[in-house]
Amino acid sequence: MSVLEIKDLHVSVETDQGTKQILRGVDLTINEGEIHAIMGPNGSGKSTLAYTIAGHPKYHVESGSILLDGAEVLKMTVDARARAGLFLAMQYPVEIPGVTVTNFLRTAKTAIEGEAPPIRTWIKDVRQAMTDLRMDKAFAERNVNEGFSGGEKKRNEILQLELLKPKFAVLDETDSGLDVDALKIVSEGVNRAKTNTGLGLLLITHYTRILRYIHPDFVHVFVNGRIAEQGGPELADRLEDEGYDRFLVPSNVG
């Protein structure tokens with residue numbers, strides 16, 4: 001069984017005012033097939049955790065480790081992390097002019113698997129995944145995210161998730177900017193990917209509404225760069241009722 005382990009992770013970033021400490025000792029273990037939701041106020045470090053796992057060069061790991069099945073992720077390049085089975089669905093997916101969705105998906109699948117997928121099977125899989133996500137087939141020949149609405153960009157992220165079949169996926173506020181219908185469709189895609197592959201999920205969100213459709217096994221409250229409390233799905237309901245005020249005590253950490 002695959003496992004993603006984050007151990008005593010400390011991360012900083014350079015700003016105009018100097019080095020800013022963001023993550024202050026994060027410990028988290030996600031087993032294959034588990035869904036972990038991370039909730040917290042703005043500026044608590046949730047997205048920093050996501051981008052550090054993915055290997056964004058902006059973030060400096062000062063100490064700690066991220067292990068994927070015992071292998072040190074922090075020593076891997078970004079593309080090696082993807083080949084190892086990590087996936088990030090971004091909060092703000094970027095446009096890639098000149099690269100069609102079809103070419104992007106096939107190139108990514110080939111890079112991850114080490115060989116190109118059989119063309120006939122691949123076309124069938126892509127079409128089925130697009131149909132399931134209520135994506136018009138014309139999107140396949142459009143440039144990646146170019147001119148896409150917010151909801152279309154998020155569906156395109158989940159299309160990648162379903163076709164690339166990672167071991168672990170980090171969803172960074174995938175629910176932001178989605179109306180109820182789009183949220184349901186995206187959630188169905190995430191649940192379908194989990195059912196089909198048994199992947200582990202780290203779901204980052206501000207709100208509980210996506211948790212009505214993607215049911216977490218564990219909920220973690222993220223405050224001031226660390227996990228302040230953790231529990232089961234009932235913790236999300238408590239946060240919905242009470243907010244984060246009881247966690248937001250003044251910090252003496254610089």
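When a residue number appears, it is its place in the shown sequence, counting from 1.
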Engineer: Check side-chain hydrogen bond (donor to acceptor under 3.5 Å, both in side chains) between S176 and all other residues, then give those that pass, not counting sequence neighbours.
Structural biologist: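 Counting only residues at least two positions away or on another chain, S176 forms a side-chain hydrogen bond (donor to acceptor under 3.5 Å, both in side chains) with K154.
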
Engineer: Does S2 offer a backbone N or O that forms a donor-acceptor pair with the side chain of E32 under 3.5 Å?
Structural biologist: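 A pair under 3.5 Å: yes.
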
Engineer: For A84, give me all partners under side chain to side chain contact (heavy atoms under 4.5 Å, CB included), at least two apart in sequence or on another chain.
Structural biologist: L68, M76

Engineer: Can you check whether E14 reaches H60 side chain to side chain, under 4.5 Å on heavy atoms?
Structural biologist: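 The answer is no; the side chains never approach within 4.5 Å.
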
Engineer: So, using side-chain hydrogen bond (donor to acceptor under 3.5 Å, both in side chains) as the criterion, who are the partners of R83 when residues are at least two apart?
Structural biologist: D79

Engineer: What residues, two or more places apart in sequence or in another chain, satisfy side chain to side chain contact (heavy atoms under 4.5 Å, CB included) together with S65?
Structural biologist: K7, L67, E72

Engineer: Is the backbone of I35 close enough, under 3.5 Å, to the side chain of D217 for a donor and an acceptor to pair up by distance?
Structural biologist: yes

Engineer: Might you point out which heavy atoms bring P41 and V223 nearest each other, and give the distance in Å?
Structural biologist: CD-CG2, 4.2 Å

Engineer: Is R209 atom CZ crowded by more than 12 heavy atoms from other residues, nucleotides or ligands, each under 6.0 Å away?
Structural biologist: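 Correct, the count exceeds 12.
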
Engineer: In the structure I gave you, are the side-chain heavy atoms of L49 and L9 within less than 4.5 Å of one another anywhere?
Structural biologist: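 Sidechains of L9 and L49: in contact.
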
Engineer: With sequence neighbours excluded, tell me which residues meet ring pair (Phe, Tyr, Trp, His ring centres under 6.0 Å) with H206.
Structural biologist: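 None.
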
Engineer: Is the closest side-chain donor-acceptor distance between E173 and T205 under 3.5 Å?
Structural biologist: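 No, because no side-chain N or O of E173 sits under 3.5 Å from a partner of the opposite role on T205.
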
Engineer: Determine which pairs satisfy ring pair (Phe, Tyr, Trp, His ring centres under 6.0 Å) with at least one residue from residues 27-55, sequence neighbours left out, and list them in order.
Structural biologist: H36-F218, H36-H220, Y51-H56

Engineer: Could you state the interatomic distance from CD (E95) to NZ (K153), rounded to the nearest 0.5 Å?
Structural biologist: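 Going from CD on E95 over to NZ on K153, the span is 4.5 Å.
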
Engineer: Mark yes or no for whether K46, through its side chain, and I38, through its backbone, hold a donor-acceptor pair below 3.5 Å.
Structural biologist: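 No; judged by distance alone, with no hydrogens or angles, the pair does not exist.
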
Engineer: Start with the C-alpha distance between D181 and R134, add both sets of side-chain angles, then the distance that settles salt bridge (Lys or Arg N to Asp or Glu O under 4.0 Å), and finish with yes or no.
Structural biologist: CA-CA 11 Å; D181 291 335; R134 322 285 206 279; over 6 Å; no

Engineer: Between D27 (side chain only) and D8 (backbone N and O only), is there a donor and an acceptor less than 3.5 Å apart?
Structural biologist: yes

Engineer: Check for a donor-acceptor pair, side chain of R81 on one end and backbone N or O of L86 on the other, with a separation under 3.5 Å.
Structural biologist: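 Side chain of R81 to backbone of L86: no pair is present.
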
Engineer: Would you mind listing every ring pair (Phe, Tyr, Trp, His ring centres under 6.0 Å) that reaches into residues 99-146, with sequence neighbours excluded?
Structural biologist: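 Listed once each, the pairs are F139-F148.
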
Engineer: Restricting to side chain to side chain contact (heavy atoms under 4.5 Å, CB included), what partner residues turn up for E240, sequence neighbours left out?
Structural biologist: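 Expected list: T208, R212.
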
Engineer: What residues, two or more places apart in sequence or in another chain, satisfy side-chain hydrogen bond (donor to acceptor under 3.5 Å, both in side chains) together with N103?
Structural biologist: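 Counting only residues at least two positions away or on another chain, N103 forms a side-chain hydrogen bond (donor to acceptor under 3.5 Å, both in side chains) with T100.
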
Engineer: Keeping the roles fixed (side chain from N191, backbone from Y213), state whether a donor-acceptor pair exists under 3.5 Å.
Structural biologist: yes

Engineer: Please go through I119's hydrophobic cluster and name the other residues, only I, L, V, M, F, W, Y counting, with side-chain heavy atoms under 4.5 Å joining them.
Structural biologist: I123

Engineer: Which atom pair, heavy atoms only, marks the closest approach of A193 to E162?
Structural biologist: CB-CG, 4.2 Å

Engineer: Could you check whether any side-chain heavy atom of T174 comes within less than 4.5 Å of a side-chain heavy atom of E157, counting everything from C-beta outward?
Structural biologist: no

Engineer: Minimum heavy-atom separation for S187 to I210, with atom names?
Structural biologist: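 Reported closest heavy-atom pair: OG-CG1, 3.8 Å.
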
Engineer: Please identify each residue that fulfils side chain to side chain contact (heavy atoms under 4.5 Å, CB included) with S149, with sequence neighbours left out.
Structural biologist: E152

Engineer: Which residues satisfy the side-chain hydrogen bond (donor to acceptor under 3.5 Å, both in side chains) test with T15, sequence neighbours excluded?
Structural biologist: none

Engineer: Without swapping roles, check the side chain of K109 against the backbone of A116 for a donor-acceptor pair under 3.5 Å.
Structural biologist: no

Engineer: Would you find a donor on one side and an acceptor on the other, under 3.5 Å apart, between the side chain of E188 and the backbone of V190?
Structural biologist: no

Engineer: Are the side chains of L202 and I53 in contact, using a 4.5 Å heavy-atom criterion?
Structural biologist: yes

